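Notes for the one structure printed next.
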Amino acid sequence: MSLPKKNPTTSNSWNKLAQFAKNHKTLQSYFEADPTRAERFSIAWESFYVDYSKNHIDEKIQEALVALAKDAGLEEARKAYFSGETINQTEGRAVLHTALRATPDADVRVDGENVIPEVYAVRKKISAFASSVIDGSRKSSTGHSFTDVVNIGIGGSDLGPMMITEALAYYKNHLNVHFMSNVDGDHVMEVLKKVNPATTLFVVVSKSFGTQETLTNATTAKKWLVDALGAAAVGDHFVAVSTNLPAIDAFGIQAENVFPMNDWVGGRFSLWSAVGLSIALAIGPDNFEELLDGANQMDTHFESTPFEENIPVMLALLTVWYNNFLGAQSEAVIPYTQYLHRLPAYLQQGIMESNGKSIDRDGEVVSYETGNIIWGEPGTNAQHAFFQLMHQGTKRIPAQFIGFAQSLYDNKDHHDKLMANFFAQTEALMSGKTEAQVRAALSNKGMDKVELEKLVPFKVFSGDKPTTTLLIDRLTPKTLGALVAMYEHKIFVEGIVWNIFSYDQWGVELGKQLADVILKEFSASTMGEHDSSTTQLIKRYKG
Ligand code: F6P
């Protein structure tokens with residue numbers, strides 16, 4: 001079964017939403033009209049509380065959004081997604097990151113074969129390997145225990161493990177885990193500067209094992225190690241995660257040090273696979289398993305909950321509402337914890353590489369907006385940076401605020417201040433400050449009337465800025481797993497409604513091909529054809 005193909009603009013629900021969009025009300029007036037709104041438009045699930053009442057919807061709009069999901073065939077698409085159908089049609093693959101965190105008794109078939117036993121075999125291998133590095137029983141070529149791990153990978157082979165390792169720093173053991181991603185040699189040197197060859201383990205992560213950046217960085221790291229410890233050391237200091245076993249062999253990594261992954265795991269959804277090896281090393285295999293468990297809980301919620309009560313579905317439909325009907329170009333993600341400082345970057349790949357498409361599932365150019373722009377930074381820092389634009393700028397920016405009821409170090413004074421800001425910002429964004437309120441505040445300060453009137457327009461906040469609040473009990477491997485899985489399913493739902501293929505990424509290819517051409521030209525005496533701007537720039541670089 002392949003995914004349904006339906007131009008969303010042809011459905012009744014789409015037309016209804018277009019009508020509703022013309023006369024939707026302000027957030028303030030929705031709240032005035034319905035004092036029970038916060039209860040109505042919120043979802044409590046496990047340790048998550050999702051309040052989406054500060055969005056421009058009422059029951060009719062919500063109903064039409066849910067109808068849109070149904071019209072798009074979300075129910076059958078969800079079945080195809082979980083059951084291993086080839087829904088990544090343009091690459092001829094299933095999309096089964098959910099199988100990586102399924103329970104051992106699950107039965108998920110690819111080409112007739114249940115993949116779960118293999119998933120558990122790899123999980124066991126990750127566990128055993130991580131334990132032996134953490135407890136020091138696995139030795140380096142010089143007989144030392146490892147103190148440092150360098151993850152070499154880029155995109156999904158970097159962002160996922162890096163974001164999670166940062167997010168779960170509280171749960172970390174003694175190993176220092178570093179991330180080497182950019183082909184920028186300065187980045188490589190800055191990482192190598194921090195580590196000692198005798199006690200460093202390199203984890204080379206590349207689904208394809210053909211990515212220029214990763215292979216270049218791995219080769220440089222290997223040379224650095226060989227220069228220090230000799231060629232025989234490579235076997236003890238390098239392990240790899242990939243689907244491409246021959247290429248790993250050619251690189252010189254022994255078969256027993258290879259952690260396999262499958263082509264049915266997309267790079268940006270791969271942190272649950274052996275790509276998560278650096279996570280298991282950093283926080284220990286038990287915490288890694290908890291992370292998977294949390295994701296599995298969210299999978300069950302997404303798979304079995306009616307759309308109105310389904311967190312990823314409702315969040316995705318809100319995105320569609322703003323993106324396609326209310327003219328929003330972007331969406332902000334603001335975590336109120338420093339631990340999640342890389343979450344927006346991680347989501348940029350997950351969301352924008354998946355849904356940044358303009359061809360529908362019939363191969364036609366879409367006539368409507370698809371993937372939006374994702375950005376964000378942790379609060380409260382963000383308040384002192386770009387919140388000015390959110391409060392008083394001209395753009396509509398729906399934002400997700402993610403906060404935790406408990407801090408990890410139980411510092412109540414700090415946490416109360418953090419959370420006071422967390423709640424205050426969504427209130428301020430929605431309620432704003434009227435001219436009358438500004439006037440009253442300024443005249444209370446005794447300001448001269450003429451001066452006061454000049455200042456009033458600059459101090460007004462129009463409000464009516466939509467936010468969704470995710471309040472989660474505590475940042476743990478389990479809740480983080482659920483949070484990340486929530487975004488994965490949100491991506492899926494959006495892609496289904498927009499009638500696009502979310503799991504390929506052909507748009508990253510052209511630049512890579514041209515870079516290969518230009519790289520050759522750096523050492524050639526003649527140059528190929530380029531536009532005059534590019535030719536001039538290359539000449540200037542070559543000197
Ligand atoms: O450039 C895009 C991309 O293919 C991503 O989708 C992927 O996560 C990244 O490159 C790295 O790919 P690989 O794991 O094969 O090295």
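This one's a predicted model, so the numbers in the text were calculated from it and none came from an experiment. Every number for a ligand or one of its atoms is a count from 1 in the order of the listing.
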Establish, yes or no, whether the cationic atom of [X] lies under 6.0 Å from the six-membered ring centre of [Y] and within 45° of the ring axis.
{"X": "K357", "Y": "F501", "value": "no"}
{"X": "R101", "Y": "W272", "value": "yes"}
{"X": "K222", "Y": "F202", "value": "no"}
{"X": "R123", "Y": "Y120", "value": "yes"}

For [X], the ligand 1 atoms whose distance to one of its heavy atoms is below 4.0 Å:
{"X": "E353", "value": "2 (C), 5 (C), 6 (O)"}
{"X": "I154", "value": "9 (C), 11 (C)"}
{"X": "V508", "value": "1 (O), 2 (C)"}
{"X": "G156", "value": "7 (C), 8 (O)"}

Aromatic plane relationship, Y81 with Y503 - under 30° parallel, 30 to 60° tilted, over 60° perpendicular:
parallel
Closest to atom 16 (O) of ligand 1 by heavy-atom distance, out of T214, N244, T211, V275, is T211
* So, does K512 sit close enough to ligand 1 that a heavy atom of it is under 4.0 Å from the ligand? -> yes
among protein heavy atoms, the one nearest atom 15 (O) of ligand 1 is S208 OG, 2.6 Å
| message | Strictly below 4.0 Å, N to O, side chains only: are K490 and E494 in salt-bridge contact? | response | yes
